[in-house]
Visitor: 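My structure is below; once you've seen it, I'll send some questions.
The shown structure was predicted, so the numbers you read here are calculated from the model rather than taken from an experiment.
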Amino acid sequence: MTMPHHVLEILLTRVLAPGELRDAPRVLPLATNHATTRLMTSVRAETPGHAGHRLRQHLATRLPVDVITTHYPDVGGQVLLSLAFPPAVHATIRQAAQETRQRPELIVKLALYRALAQHASDEDDRLDRAVQQLLAGITAAHLLAAVGHALTRTPGAAPA
């Protein structure tokens, strides 16, 4: 049986120094973005989790890896999210897990869901305030026409 490759994205805590950028591909082939804060690679492993673990083992001492995530969702639509927490955060997560008798992974997952839900709610509120501010100066019909015009313009084309 052949072992599958998993495409992983790496988010770095800082921009790479030229020496780090030159030396890192000796361990694994890496593709970088322009700012060298995001990298992509392909890792052979049985599962995405094993691929993320293997990647962190290879790069943890060489690069300032903050987050590793699978680039493509699995069949259930999920992506792997591997975070590097400082020791104090690990201790807080372990304590919360013990107090609630939950697995540490579930504590992090629930906190992430709450944070994403709060972010979505904040964005909805911000958009609602912006629309209300626009409607204070123009009619709903004018706003709707302007939105339709903006959505139908060809991206990158000069404004008419």
Visitor: Are Asp128 and Asp124 side-chain neighbours, meaning at least one heavy-atom pair lies under 4.5 Å?
Guide: no
Visitor: Are Val108 and Val67 linked, directly or through intermediate hydrophobic residues, by side-chain heavy-atom contacts shorter than 4.5 Å (ILVMFWY only)?
Guide: yes
Visitor: Which atom names give the shortest non-hydrogen contact between Ala140 and Leu135, and what distance separates them?
Guide: CA-CD2, 3.6 Å
Visitor: Kindly determine whether Leu81 and Leu112 satisfy side-chain contact (heavy atoms from CB on, under 4.5 Å), including the steps that lead there.
Guide: CA-CA 11 Å; Leu81 182 64; Leu112 183 60; 3.5 Å; yes
Visitor: Any idea which heavy atoms bring Pro73 and Val79 closest together, and the distance?
Guide: CA-CG1, 3.8 Å
Visitor: Can you confirm whether Val65 sits close enough to Leu55 that some side-chain heavy atom of one is under 4.5 Å from a side-chain heavy atom of the other?
Guide: no
Visitor: Hey, what do you get for CD1 (Ile107) to CD (Glu99), rounding to the nearest 0.5 Å?
Guide: 9.0 Å
Visitor: Applying a strict under-4.5 Å side-chain criterion to I, L, V, M, F, W and Y, I'd like to know whether Leu11 and Phe85 cluster together.
Guide: yes
Visitor: Side-chain heavy atoms nearer than 4.5 Å, only ILVMFWY residues, links allowed to pass through others: does that put Leu106 and Tyr113 together?
Guide: no
Visitor: Taking the side chain as C-beta and beyond, is there a heavy-atom pair between Leu12 and Asp66 under 4.5 Å?
Guide: no
Visitor: So which heavy atom on His58 is nearest to which on Leu28, and how close?
Guide: CB-CD1, 4.3 Å
Visitor: Taking side chain as C-beta onward, heavy atoms only, is Thr47 less than 4.5 Å from Pro4?
Guide: no
Visitor: If every non-hydrogen atom of Arg62 is compared with every non-hydrogen atom of Glu20, which pair is closest and at what distance?
Guide: O-OE2, 4.0 Å
Visitor: Run His53 and Arg56 through side-chain contact (heavy atoms from CB on, under 4.5 Å) and show every step you take.
Guide: CA-CA 5 Å; His53 182 72; Arg56 194 171 289 281; 5.8 Å; no
Visitor: Any chance you could measure Lys109, atom NZ, to Arg103, atom CZ, to the nearest 0.5 Å?
Guide: 9.5 Å
Visitor: State, to 0.1 Å, how close His6 and Ala45 come at their nearest heavy-atom pair, and which atoms those are.
Guide: NE2-O, 3.0 Å
Visitor: Do Thr70 and Val7 touch side chain to side chain, with heavy atoms closer than 4.5 Å?
Guide: no
Visitor: How long is the straight-line distance from CG of Leu127 back to CD of Gln132, given to the nearest 0.5 Å?
Guide: 10.0 Å
Visitor: Quick check: do Leu59 and Thr41 have side-chain heavy atoms less than 4.5 Å from each other?
Guide: no
Visitor: Just do the side-chain contact (heavy atoms from CB on, under 4.5 Å) check on Ile10 and Leu30 with the steps written out, would you?
Guide: CA-CA 10 Å; Ile10 306 154; Leu30 298 168; 4.0 Å; yes
Visitor: Can you confirm whether more than 12 heavy atoms, excluding those of His142, are under 6.0 Å from its NE2 atom?
Guide: no
Visitor: Indicate if Leu143 and Leu151 have the same hydrophobic cluster label, given that clusters are the connected sets of ILVMFWY residues with side-chain heavy-atom separations under 4.5 angstrom.
Guide: yes
Visitor: Report the distance from atom CD of Glu9 to atom CG of Leu39, rounding to the nearest 0.5 Å.
Guide: 9.0 Å
Visitor: Within the structure provided, determine whether His90 and Pro104 are in side-chain contact (heavy-atom separation under 4.5 Å).
Guide: no
Visitor: Does Arg14, at its CZ atom, have more than 12 non-hydrogen atoms belonging to other residues, nucleotides or ligands within less than 6.0 Å?
Guide: yes
Visitor: Does atom CD of Gln57 have more than 12 heavy-atom neighbours, drawn from other residues, nucleotides or ligands, at distances under 6.0 Å?
Guide: yes
Visitor: Quick check: is Leu80 connected to Leu116 through a chain of hydrophobic side chains (ILVMFWY, heavy atoms under 4.5 Å apart)?
Guide: no
Visitor: Quick check on His50: does its NE2 atom have over 12 non-hydrogen neighbours (other residues, nucleotides or ligands) under 6.0 Å away?
Guide: no
Visitor: How many angstroms lie between atom CE of Met40 and atom CG of Leu8, to the nearest 0.5 angstrom?
Guide: 8.0 Å
